[in-house]
Chemist: 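Right, I'll just put the structure down here and ask away after.
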Amino acid sequence: MQQTVVATALLAGSGTQALAPLKFSQDGTFQISIFEDLHFGENAWDSWGPEADRNSVKVLNQILDNESPDLVVLNGDLITGENGFLENATVYIDQIVGPLVDRDLTWASTYGNHDHQFNLSAHEILEREQQWPNARTQSVVSGRDAGVSNYYLPVYGSGSEAVPKLLLWFFDSRGGAYFQERDEGGVDVPQPNWVDSSVVDWFKETSQAITTQYNKTIPSLAFVHIPTNAFWAAQTVDGIDENREPGINDDYPLAQQAQGWCEDGTNSDECSYGGQDIPFMEALAATEGVLGLFSGHDHGDTWCYKWDAQISGMSVKGNGMNLCFNQHTGYGGYGSWIRGSRQVLVSESALDQRELETWIRLESGDVVGAVSLNATYGEDLYPATPNDMT
């Protein structure tokens, strides 16, 4: 049986670093910049690999020259671990966080399938991150099956009130391979690619404990690298409208959690989708106040979709949360879509109306896909997002 951790320290948002709590700015806003699929360390033995990393650093600097986030989220696939060397794979973290450290910005990470590889341990990525004083990434759910980057961060209001205004949930969707494990045939042991049931239990218990502690529902945002099957259903069953849900929609059909796994938990190319992410979707849909779930993994998708109904073929009915893809940020990884970063702006005054503002800042400096994730999102018309390439 996997152990879950729900501690008093966690309810206070306590981490391993003595960092000041996250707070809304004096103007009542809190902005998040999401850097997605950085894929550092790809083909380090070829000239284009290090050049890709240098270009990725340029993207980080260009975005941060145009935006002033209160928090940066590194949302999975920080490193292309299957190209990494056991002895030094985590040193790429130093390159990634350099632009953040230079600006005294704080950050939090989730880990993706490429961060879990035979020569790359997500636990060691976490250890490397936590060497830097501005890192907020944590690991609070124990057990082999839990993954690593599962935790939450409270965000307090601009005043002196001691009750959080916003909660940020971070989940490890795992995938890739188990660190330094091979089967009898010498093949890397694949790791399941969905949020584990032990983490789902932790989320439900902790969420309920927070609601009980403060006697109120606190709005929240969630971050996970691999999207759930609800994203796939939105794309393939409901369809994505380029004016009502603007964004690139090139990864069709997209790859979701539990892809390539059978219902019995075995990994097989003969199984397209095993359904193991259903408990995670059910938990999110049953949790009041979840305003958005932000994912990557599929580099050619950048849209947002309001999941407020039961999509045909799915057993889970949405609760109105917004399912959003982020922009591919790094020059590593597949695809040549223009690089960028999703921005999320939360306003204290708009939280009660379940409203968010979001846009994508491109490496060119341009802004695309600016929308209001409000009650009428999905009905309102916006300009289509140009499908530009780098």
Chemist: Name all residues meeting the side chain to side chain donor-acceptor pair (under 3.5 Å) criterion together with Ser149; count only those two or more places apart in sequence or in a different chain, and write none if there are none.
Modeler: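 Result, side chain to side chain donor-acceptor pair (under 3.5 Å) vs Ser149: none returned.
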Chemist: So, taking the atom named CD in Glu129 and the one named CD in Glu127, what distance separates them when rounded to the nearest 0.5 Å?
Modeler: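 Here the rounded value is 11.5 Å.
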Chemist: First locate atom OG of Ser56, then atom CZ of Phe40, and finally report the distance between them rounded to the nearest 0.5 Å.
Modeler: 4.5 Å
Chemist: Does the side chain of Leu78 reach to within under 4.5 Å of the side chain of Ser109, using non-hydrogen atoms?
Modeler: yes
Chemist: Is any side-chain heavy atom of Asn83 closer than 4.5 Å to one of Trp45?
Modeler: yes
Chemist: Any luck finding a side-chain donor-acceptor pair between Asp298 and Tyr334 under 3.5 Å?
Modeler: no
Chemist: In terms of hydrophobic clusters joined by side-chain contacts under 4.5 Å, are Leu345 and Leu167 together?
Modeler: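 Hydrophobic grouping puts Leu345 apart from Leu167.
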Chemist: Nearest 0.5 Å please: distance from the CD1 atom of Ile248 over to the CG atom of Asp301.
Modeler: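 Output value for this atom pair is 8.5 Å.
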Chemist: With no hydrogens and no angle check, is any side-chain donor or acceptor of Asn374 less than 3.5 Å from a backbone partner on Tyr377?
Modeler: yes
Chemist: If you count heavy atoms of other groups shown closer than 6.0 angstrom to CD of Glu270, is the number above 12?
Modeler: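 No, not enclosed.
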Chemist: Kindly assign one of parallel, tilted or perpendicular to the pair Phe171 and Trp202, based on the angle between their ring planes and the thresholds 30° and 60°.
Modeler: perpendicular
Chemist: Would you check if Leu74 and Val72 make a side-chain contact, meaning some heavy-atom pair closer than 4.5 Å?
Modeler: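 When only atoms from C-beta onward are counted, Val72 and Leu74 do touch, with a gap below 4.5 Å.
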Chemist: Do Glu82 and Thr80 come within less than 4.5 Å of each other through their side chains, counting heavy atoms only?
Modeler: yes
Chemist: Do Phe223 and Trp169 pass the ring-ring contact (aromatic ring centres under 6.0 Å, His included) test, and can you show the C-alpha distance, the side-chain angles, and the key distance before you say yes or no?
Modeler: CA-CA 6 Å; Phe223 303 87; Trp169 297 94; over 10 Å; no
Chemist: Between Asp94 and Arg128, does any NZ, NE, NH1 or NH2 come within less than 4.0 Å of an OD or OE carboxylate oxygen?
Modeler: yes
Chemist: Does the distance from a Lys or Arg side-chain N to an Asp or Glu carboxylate O, for Arg361 and Glu67, drop under 4.0 Å?
Modeler: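 Salt bridge flag = yes for Glu67 with Arg361.
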Chemist: List in chain and number order the residues that pass ring-ring contact (aromatic ring centres under 6.0 Å, His included) with His39, two or more places apart in sequence or in another chain; answer none if no residue qualifies.
Modeler: His114, His299
Chemist: Is a side-chain N or O of Asn326 found less than 3.5 angstrom from the main chain of Ser295, in a donor-acceptor match?
Modeler: yes
Chemist: Has Gln310 got more than 12 heavy atoms of other residues, nucleotides or ligands less than 6.0 Å from its CD?
Modeler: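 More than 12 heavy atoms, drawn from other residues, nucleotides or ligands, come within 6.0 Å of this atom.
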Chemist: Using only atom types and a distance under 3.5 Å, with no angle test, would you say the side chain of Asp183 pairs donor to acceptor with the backbone of Val187?
Modeler: yes
Chemist: Under 3.5 Å, side chain of Gln130 to main-chain N/O of Thr137, donor-acceptor pair present?
Modeler: yes
Chemist: Centre of Phe170's six-membered ring, under 6.0 Å away, within 45 degrees of the axis: is that where NZ or CZ of Arg136 sits?
Modeler: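 Not satisfied by the 6.0 Å and 45° rule.
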Chemist: For a 4.5 angstrom cut-off between non-hydrogen side-chain atoms, does Leu254 reach Phe325?
Modeler: yes
Chemist: Answer yes or no: is there a side-chain heavy-atom contact under 4.5 Å between Pro253 and Gln235?
Modeler: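 Side-chain contact under 4.5 Å: yes.
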Chemist: So does Val57 get a backbone contact from the side chain of Gln95, meaning a donor-acceptor N/O pair under 3.5 Å?
Modeler: no
Chemist: Specify whether Phe231 and Trp303 have parallel, tilted or perpendicular ring planes, treating 30° as the upper limit for parallel and 60° as the lower limit for perpendicular.
Modeler: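 The rings of Phe231 and Trp303 sit tilted, inter-plane angle from 30° to 60°.
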Chemist: Which of these, His225, Gln327, His297, sits in a side-chain hydrogen bond (donor to acceptor under 3.5 Å, both in side chains) with Glu36?
Modeler: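 The side-chain hydrogen bond (donor to acceptor under 3.5 Å, both in side chains) with Glu36 is passed solely by His225 among His225, Gln327, His297.
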Chemist: In this structure, are over 12 heavy atoms from other groups packed under 6.0 Å from Glu181 atom CD?
Modeler: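 Yes, the 6.0 Å shell around CD holds more than 12 heavy atoms from other groups.
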Chemist: Are any side-chain N or O atoms of Asp308 and backbone N or O atoms of Met321, one a donor and one an acceptor, separated by less than 3.5 Å?
Modeler: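 Between the backbone of Met321 and the side chain of Asp308 there is no qualifying donor-acceptor contact (under 3.5 Å).
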Chemist: Is the closest side-chain donor-acceptor distance between Gln343 and Ser341 under 3.5 Å?
Modeler: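 There is such a pair (donor and acceptor under 3.5 Å, judged by atom type) between the side chains of Gln343 and Ser341.
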Chemist: Should Ile226 and Val290 be counted in the same cluster of Ile, Leu, Val, Met, Phe, Trp and Tyr side chains packed under 4.5 Å apart?
Modeler: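 In one cluster: no.
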Chemist: Distance only, no hydrogens: is a donor on one side chain within 3.5 Å (strictly under) of an acceptor on the other, for Asp277 and Thr228?
Modeler: no
Chemist: Walk me through it: do Arg103 and Asp65 pass the test salt bridge (charged side-chain N to carboxylate O under 4.0 Å, His left out)?
Modeler: CA-CA 10 Å; Arg103 293 168 173 82; Asp65 284 345; 2.8 Å; yes
Chemist: Tell me whether the count of non-hydrogen atoms from other residues, nucleotides or ligands lying under 6.0 Å of NZ in Lys317 goes above 12.
Modeler: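 At most 12 heavy atoms, drawn from other residues, nucleotides or ligands, come within 6.0 Å of this atom.
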Chemist: State whether the number of non-hydrogen atoms from other residues, nucleotides or ligands found under 6.0 Å of Glu51 atom CD is greater than 12.
Modeler: yes
Chemist: Do the side chain of Ser364 and the main chain of Asp366 share a donor and acceptor less than 3.5 angstrom apart?
Modeler: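 Yes.
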Chemist: Can you check whether Val199's main-chain N or O pairs, donor with acceptor, with Asn150's side chain at less than 3.5 Å?
Modeler: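 Between the backbone of Val199 and the side chain of Asn150 there is no qualifying donor-acceptor contact (under 3.5 Å).
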Chemist: Is it the case that Trp307 and Asn322 place a side-chain donor and acceptor less than 3.5 Å from each other?
Modeler: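 No pair is found: no donor N or O on one side chain lies under 3.5 Å from an acceptor on the other.
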Chemist: Is Arg174 close enough and on-axis enough to Trp194, meaning under 6.0 Å and within 45°, for cation-pi?
Modeler: yes
Chemist: Could you tell me whether a side-chain N or O of Tyr111 sits under 3.5 Å from a main-chain N or O of Leu126, the two making a donor and an acceptor?
Modeler: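 Yes, Tyr111 side chain to Leu126 backbone: donor-acceptor pair under 3.5 Å.
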Chemist: In plain terms, say whether Lys306 and Glu379 are close enough for a salt bridge, that is, a side-chain N and a carboxylate O under 4.0 Å apart.
Modeler: no
Chemist: Would you say the side chains of Ser158 and Glu348 form a donor-acceptor pair under 3.5 Å?
Modeler: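 Glu348 and Ser158 do have a side-chain donor-acceptor pair below 3.5 Å.
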Chemist: Should Asn193 and Gln276 count as side-chain neighbours, where that means a heavy-atom distance under 4.5 Å?
Modeler: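 A side-chain contact is absent here, since even the closest heavy-atom pair is not under 4.5 Å.
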Chemist: Check for a donor-acceptor pair, side chain of Asn61 on one end and backbone N or O of Lys58 on the other, with a separation under 3.5 Å.
Modeler: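 Between the backbone of Lys58 and the side chain of Asn61 there is no qualifying donor-acceptor contact (under 3.5 Å).
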Chemist: Does CG in Asn215 sit with more than 12 non-hydrogen atoms of other residues, nucleotides or ligands closer than 6.0 Å?
Modeler: no
Chemist: When clusters are formed by joining ILVMFWY residues with side-chain heavy atoms under 4.5 Å apart, either directly or through shared neighbours, do Phe24 and Leu168 land in the same one?
Modeler: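 Phe24 and Leu168: one cluster.
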Chemist: Which atom names give the shortest non-hydrogen contact between Pro227 and Gly296, and what distance separates them?
Modeler: CD-O, 3.6 Å
Chemist: Transitive ILVMFWY cluster of Ile338 at side-chain heavy atoms under 4.5 Å: who else is in it?
Modeler: Ile360, Leu362, Val368
Chemist: Can you tell if the side chain of Thr211 reaches within under 4.5 Å of the side chain of Ile218, non-hydrogen atoms only?
Modeler: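 With C-beta onward as the side chain, the pair stays apart.
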Chemist: Do we get Arg342 above Phe294's six-membered ring, with its NZ or CZ under 6.0 Å from the centre and within 45° of the axis?
Modeler: no
